[in-house]
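Everything on this sheet refers to the single structure shown next.
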Amino acid sequence: MATSKSKTSLREDLTCAICFELFKEPVMLGCMHHFCRRCIVSYWKSVRSPVTCPQCRQEFPNKCCFQTNYLVANLVEKVRASSSPASVKYLEKELNDCLESQCSMKDAYISMIRKDKDKMEKIKKTGAELQGRVHNDFQALHHFLQVEEEAMIEELKREQEEMLQGLERHLEALQVAIRDVEKNINILRQTAGSTDQSVLVELPKLNSRPISIDI
Ligand SMILES: [Zn+2]
Ligand SMILES: [Zn+2]
C-alpha cells in the first residue's frame, strides 16, 4: 500500500503540468519547476511576453532560461519502465512468490510451535510419572528397610537376652560353688585344728560340683 502510494506520488511529481503526462526531455526553469522541453517551448511560443513559468508565474528575461535535468530524466525513465505491463507482471509474480514464501514460513513456524508444545507436554507427563515412580520405589524401600531394621533389632535383643541368661545361670552356679568351697574350707580347717591327729585316717568328704568355666 505504502509502496503503491509513494509510486503514485512520484509519478505525480514527474508529471508535466502542461501535458499531464510523464516528462519527455524534462527541463528545469530558474524557479525549479519542470516541464517537457517541447511543452515549455510551445507554451512560450503561444504566449506573448513576458516569459513566465506556467505554474508560479515567475518572470524570466528570455526563452532560454531552462536547463535539461538529467537526474529527473533518468527517474522518469525508471518510472516509465516500472509501469510497463511486463514489469508490472514481473512485480506481481515477485509479490506472489514472496507472499507464498512467507505463508509457507508461517506454516513451518506453526508446525514447529506445535512440535515444541507437544514435546513440553510429553516432558511434563514423563516427569510426573517418573517422580511418582521414584516416590513409590523409595516408599517401598523405606518400608523394607524398616522391617529389616525391626527384625535385626529383635534378633540382637534375643541374642543379648540369651547371653545374659547364660551369664546369670553361670553366676548362680559360681555362687553355689563358692558356698561349697567355703564349706570345704571350714571342714578342712576344723579337721586341721583338731587336737587328735590320730583319728585322721582319710581326708574328709568334700563338696564338689563341677561347673564349666565357659558359659
Ligand atoms: Zn509536457
Ligand atoms: Zn515556476
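Please read these numbers as outputs of a predicted model, since none were measured by experiment. In each ligand, atom 1 is the first atom listed, and ligand 1 is the first ligand listed.
Side chains of Lys125 and Glu121 form no contact here, defined as non-hydrogen atoms less than 4.5 Å apart. Between Leu29 and Phe35, some side-chain heavy-atom pair lies under the 4.5 Å cut-off.
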Show me the donor-acceptor pairs, under 3.5 Å and distance only, between side chains in residues 101-113 and residues at least two apart or in other chains.
residue: Ser104; atom: OG; partner: Glu100; partner atom: O; Å: 3.3
residue: Ser104; atom: OG; partner: Ser101; partner atom: O; Å: 3.0

Cut-off 3.5 Å, no hydrogens considered: what does the side-chain donor-acceptor table look like for residues 53-68, sequence neighbours left out?
residue: Arg57; atom: NH1; partner: Tyr43; partner atom: OH; Å: 3.0
residue: Asn62; atom: OD1; partner: Cys64; partner atom: N; Å: 2.8
residue: Lys63; atom: NZ; partner: Trp44; partner atom: O; Å: 3.2
residue: Thr68; atom: OG1; partner: Arg37; partner atom: NH2; Å: 2.8

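Without hydrogens or angle criteria, Ser87 side chain to Ser83 main chain gives no donor-acceptor distance under 3.5 Å. In terms of modelled atom types and a separation under 3.5 Å, the side chain of His143 and the main chain of Gln139 share no donor-acceptor contact.
Closest heavy-atom contact between Asn69 and Val72: OD1-N, 3.1 Å. Across all non-hydrogen atoms, the minimal contact from Ile40 to Val27 is CG2-CG2, 3.9 Å.
Sorted by chain and number, the protein atoms of type N, O or S within less than 2.8 Å of the Zn ion (ligand 2) are Cys31 SG, His33 ND1, Cys53 SG, Cys56 SG. Sorted by chain and number, the protein atoms of type N, O or S within less than 2.8 Å of the Zn ion (ligand 1) are Cys16 SG, Cys19 SG, Cys36 SG, Cys39 SG.
Of the charged side-chain nitrogens involved, none lies within less than 4.0 Å of a carboxylate oxygen, so that Glu182 and Arg179 do not count as a salt-bridged pair.
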